[in-house]
Amino acid sequence: MGLKGKLVVSMEVKCGGHLFHDLYQTKPHHVSNISPNYVTGFDLHEGGIGEVGSVVTWKYKEDGNAKIAKCVIEAIDDEKKSNTWKVIGGDLLEAYNDFIVNISCDQHWITWTLEYEKKTEDISEPITFLGFFTYLSKDIEAHHVEK
């Protein structure tokens with residue numbers, strides 16, 4: 001049927017991937033300051049920043065439209081420098097039954113993986129959302145290279 005899918009983008013960054021991992025692990029609320037054109041807010045609802053099981057909301061813009069994604073931090077791997085969020089509320093769940101976002105950082109490479117299950121076959125693949133993460137990563141890279 002093709003309802004489940006996975007999209008992956010890997011990109012080389014001039015700053016070390018450990019900076020991305022540190023940002024999402026300890027200072028996710030700073031992402032909106034670094035890339036206000038893409039991320040407009042971050043709220044912690046339950047748990048603590050950088051703790052598995054915590055519930056957070058990301059406010060973002062996709063194609064210029066304001067959206068939200070309420071997520072639970074599903075996994076953090078400090079050794080692999082990866083973070084995984086499972087979407088549990090917000091705009092993405094209008095089109096998808098399940099949506100998981102993972103970022104992993106290996107030296108100078110950032111890899112974003114989107115795993116999803118579409119509600120119907122008519123729903124398009126989240127290519128625009130994958131592009132969102134590419135542009136967001138470029139903003140974060142530029143921020144760290146400027147320093």
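Residues: numbered from 1 along the sequence shown.
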N/O donor-acceptor pair under 3.5 Å between Lys119 side chain and Leu3 backbone: no
Distance-only donor-acceptor check, side chains Thr57 and His45, under 3.5 Å: yes
Any donor-acceptor N or O pair under 3.5 Å, side chains Ser10, Thr111: yes
Residues Glu125 and Lys118 bridged, charged N to O under 4.0 Å: yes
Short side-chain donor-acceptor distance under 3.5 Å, Thr113 and Asn102: no
Side chain Asp78, main chain Lys81, donor-acceptor under 3.5 Å: no
Salt bridge flag under 4.0 Å for residues Asp98 and Lys4: no
SB check Glu141 Lys14 (cutoff 4.0 Å): no
Gap separating the CD atom of Glu12 from the NE2 atom of His108, nearest 0.5 angstrom: 8.0 Å
From CG (Asn83) to CG (Leu23), nearest 0.5 Å: 9.5 Å
Tyr24 ring center near Trp85 ring center (under 6.0 Å): yes
Interatomic spacing from CD in Glu117 to CD in Glu115 - rounded to 0.5 Å: 11.5 Å
Output field: ring centroids Tyr38/Phe133 closer than 6.0 Å: no
Donor-acceptor contact below 3.5 Å, side chain Ser54 vs main chain Gly48: yes
All salt bridge (charged side-chain N to carboxylate O under 4.0 Å, His left out) counterparts of Lys27, not counting sequence neighbours: Asp22
Val72 reachable from Leu114 in the ILVMFWY side-chain graph, under 4.5 Å edges: no
is_close_aromatic(Tyr116, Tyr96), centroid dist under 6.0 Å: yes
Residue that, paired with Phe132, satisfies ring pair (Phe, Tyr, Trp, His ring centres under 6.0 Å) out of Tyr60, Trp58, Trp112: Tyr60
Reported CG-to-OG distance for the pair Asn37 and Ser32, which is rounded to 0.5 angstrom: 11.5 Å
Ile88 CD1 to Lys70 NZ distance, which is reported to the nearest 0.5 Å: 5.5 Å
N/O donor-acceptor pair under 3.5 Å between Asp63 side chain and Asn65 backbone: no
